[in-house]
Amino acid sequence: MIPKEQIDALKPFQARAIIEELRKGSVPMDYVSFFTVGRENWLTFIEDDLDHYIAEGGAKVRFINGDYGDGKTHFMSVIRHMALEKGFAVSFVVLTREVPMQKFEIVYREIVKQLRVPAGSGTGGSLKVEEAGIRSLLNAWADSLALGMALEEGPSLQEKLLLTGEELRALPGMEANFANGIMSLLENRLTPPQEGEMEEERLQKREVLYQWFEGGKVAKKDLKPFQIFESLNKTNSKRFLGSLMAFLKYLGYKGLILLLDELETVVAQSTSVRNAAYENVRLLIDNTEQARHLHIFFSIIPDVILSEKGFKSYDALWSRVRSIGESKRLNYRSILIDLHKTPLETSELIELGLALRRIHEISYRWEAKEIVKENLIEQICMHQKQMGLLSEVRLFIKQVIRILDMAEQGEAPDETLDLTEQILTSRREMEQEKMEQLQPRWDT
Amino acid sequence: MMDNSESFLQEIQDDLSEILKPYQKQVMQRQRMAEFINQCMRCAGRDDFILLDELLQSKMVEEIEREEGLEGCGRIFGQLRTYADEKVERYRIHFIEDLLARAEEAGLPLEIDFPRLSCLKGIEGTVDFSKRTTTINKKVLKSIDPKRIISALLRAKRELYDRPYDPQAFIDSLRQTYGEILKKEGWAEGDSVPIQRFYFEYVMSLQSKVFFQDMDKGKFRGYSLDQFAVDLWRYFQAGTGGTSDGYALQLRPGRNNSLWLIDSDGEKRQITGISFQKAEP
């Protein structure tokens, strides 16, 4: 159920931001709960996994399957929201040609860039959820440590740093370089300047460390003083991920949830690139046997499973995921979260339509109830069902918003409203969006 | 004189033929254009907007518009194109229903998970409504006309399933080809034979003596990869158990130099090698 009271409490600006995002076919990440319907079964099982498996030290990989418009990104945003509320750190990464799955070091760089943590937890409450990236996280943690030291009496700064260093280095999965990096940063942030040391010099050193944590290219000689001997590369990227997880756990988060969207870009790549990407997926699946407190979600389109260029083309991966789609009955614990096979029910879509109507009302300060009636929303669903497109939530949203827009501008949908026309126009728009998405970005 | 007149007449024939050729080509082209316009008229008469839409997307339209005396068609084609396009888009609402009804009529077990469709193991397709194309087993049909989709599916079914098929004879024939390759290469019994080589030899084994005497394209007996994949699947399904002389078929999966075949689980997989092993008593 969509929380009606929460919708009513939306400010016009917030409501408008939601509608604007939806109109262009994107997901308003921070407001997903306002227009999330159905999928309860999947979410219940994911919630159960987070609480009783991942938080307890488990690790797993799952795939979210759905066609374009089925709501994969939306569903991932709901997971992101849920995980943050439960105290997990989350990173939502869109896999593209620029962030390709076959180069995990680049994916890792994006993971740390997109890292989000729950507001007011783990780091002494100084980090807001809006702040993203490992730099903000490290900063907030250092701030909270500084504050704690200023307020508390106890061991000296040097002793405390020593103790923290020992704790960090002893963490399972923590690599020496990573731990040294953290300690160097703490020293840089907390210890007073040495004799003759300029503030600028200190800031420069700090920047080197931040860049190293962000996976940037840093010269070895600049890293040496911090006892860091490796920069992020192909071979150590997965170890870095292990260290990051250990660090997050140390900070008090329940684990790390990785949401990797649009794995399907791999299918269109050359065989060697595809194989390298599938090998990385395979390694992540296998690594979950040793990893702890980690849940990875990949979003895919049905082609990734069905086509010859999909998982089937890489035996080592296919043998691990081949149970996908084997049974006609739905298994909510299966490795595959099949949104395509579990489209929203008509009643759920209607509920979504009503929520959108309310958000639209707040957004443009008008009364829509009498003009855009519930039965009109119902008819839109029926038309979509006839076309075999009931699962395309995005199409439904586009249609509802178009009708609301027109109604608000004075064109009340009467009985002669051509719903077929509406659905076709929305479809054309979506085809257009799809084409634009397929354009290689370097050409634009 | 006799010789001279013969060559003279031959030359005359050749010259006239050369003059006639482009003219005839032109006549033929005009005939095709007239037939095309007639077809458009027939479609308009029947309100067959799907075929009309297809016709009006073709290159012929441009040629007609350029042709002297037919320029007037351009405006009418434009109007018709808008009409047909609109009707086809609206038809989308009834497309699935129509396709399913026609499949049932034709006795095809069609399953639609729009835009994907499947019908029997080894026959799969995708409909791209916006591009007005349907792909069935990698063959692109420039149409979304249910009639044509069903015909294409029936054609695929006929090609893959409606042939005399005896699983025992099939597996024995595979075993024979396998044995011949082993002998030729001096490989040991049970060795894995590269699947691409095997497929080639097997297709050759199906050819008649006439083909080897005169390797004419028309005498070649085709055996597509899809047929091979489906025949294997039908063999696994039949539960024959192995060859008549007690050998069991083994398909080796892999990625390099492979063929996409259907394995014993009914799964399409990349197969790199084939072998026969003595079945356990």
Side-chain angles (χ1 to χ4, degrees), chain A residues 65-70 271-272 274-275 278-279 301-303 305-319 322-326 328 338 340-341 343 382-392 395 418-435, chain B residues 85-101 110-118 121-133 135 137-138 144 146 225-226 229 251-273:
Chain A
N65 181 39
D67 261 323
Y68 181 78
D70 278 355
T271 314
S272 57
R274 224 170 38 226
N275 287 345
Y278 290 155
E279 174 64 3
I301 59 168
D303 257 15
I305 298 169
L306 299 172
S307 88
E308 287 177 1
K309 290 179 177 175
F311 288 169
K312 280 182 186 177
S313 67
Y314 198 75
D315 244 35
L317 175 60
W318 187 237
S319 62
R322 65 176 301 163
S323 59
I324 283 179
E326 243 176 26
K328 293 223 164 179
D338 204 334
H340 192 68
K341 278 199 182 135
M382 295 323 290
H383 265 71
Q384 223 171 292
K385 200 171 187 176
Q386 257 180 313
M387 288 168 79
L389 300 170
L390 193 65
S391 66
E392 286 200 19
L395 177 66
D418 190 344
L419 281 174
T420 311
E421 176 61 33
Q422 290 293 325
I423 207 167
L424 296 177
T425 313
S426 303
R427 261 219 75 85
R428 268 191 219 121
E429 269 179 30
M430 286 181 61
E431 292 290 347
Q432 187 63 32
E433 277 169 22
K434 202 171 168 181
M435 289 309 292
Chain B
D85 184 61
E86 173 76 20
K87 284 273 258 189
V88 171
E89 283 297 328
R90 284 175 175 272
Y91 166 71
R92 197 183 171 123
I93 295 273
H94 307 286
F95 174 72
I96 296 177
E97 209 181 322
D98 202 357
L99 192 61
L100 280 170
L110 183 65
E111 276 186 40
I112 303 180
D113 177 13
F114 195 80
R116 285 167 286 277
L117 41 95
S118 64
K121 195 67 87 183
I123 306 179
E124 287 160 359
T126 319
V127 182
D128 190 334
F129 210 95
S130 58
K131 283 191 190 147
R132 309 273 200 268
T133 58
T135 310
N137 282 7
K138 289 182 184 160
I144 42 129
L225 207 53
D226 284 345
L251 299 176
R252 176 176 294 184
R255 278 195 298 281
N256 297 325
N257 304 317
S258 62
L259 295 179
W260 282 93
L261 299 172
I262 304 175
D263 71 3
S264 53
D265 296 331
E267 194 86 66
K268 254 195 156 186
R269 303 195 76 179
Q270 278 176 287
I271 303 294
T272 50

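Just so we're on the same page: letters track the sequence lines, and every chain starts at 1. Quick note: numbers below take in every heavy atom, side chains included, and nothing from hydrogens, waters or symmetry partners. These numbers were taken from a predicted model, which means no experiment stands behind them.
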Practice item. Any chance you could measure Gln384(A), atom CD, to Ile93(B), atom CD1, to the nearest 0.5 Å? Key: 9.5 Å
Review point. In terms of heavy-atom contacts, does CZ of Arg132(B) have more than 12 from other residues, nucleotides or ligands at under 6.0 Å?
Key: yes
Point to revise | Choice from Lys312(A), His383(A), Gln386(A) maximising heavy atom contacts with chain B below 4.5 Å | key: Lys312(A)
Revision key, fill the gap. Nearest heavy-atom contact between Asp67(A) and Arg116(B) is OD2-NH2, 2.7 Å
Point to revise | Interatomic spacing from CZ in Arg255(B) to CZ in Arg274(A) - rounded to 0.5 Å | key: 10.5 Å
Check your understanding: When rounded to the nearest 0.5 angstrom, what is the spacing between CD in Glu267(B) and CH2 in Trp318(A)?
Key -> 5.0 Å
Exercise for review: Taking atom NZ of Lys121(B) as the centre, report whether more than 12 heavy atoms of other residues, nucleotides or ligands fall under 6.0 Å from it.
Suggested key: yes
Review point. From Ser319(A) OG over to Arg269(B) CZ, what is the distance, rounded to the nearest 0.5 angstrom?
Key: 8.0 Å
Exercise for review: Determine the option with the most heavy-atom pairs under 4.5 angstrom with chain A, choosing from Arg92(B), Gln270(B), Glu89(B).
Suggested key: Arg92(B)
Point to revise | OG1 on Thr271(A) to CG on Asn256(B), rounded to 0.5 Å | key: 9.5 Å
Exercise for review: I would like to know whether Lys268(B) and Leu306(A) meet side chain to side chain contact (heavy atoms under 4.5 Å, CB included); could you show each step before the answer?
Suggested key: CA-CA 9 Å; Lys268(B) 254 195 156 186; Leu306(A) 299 172; over 6 Å; no
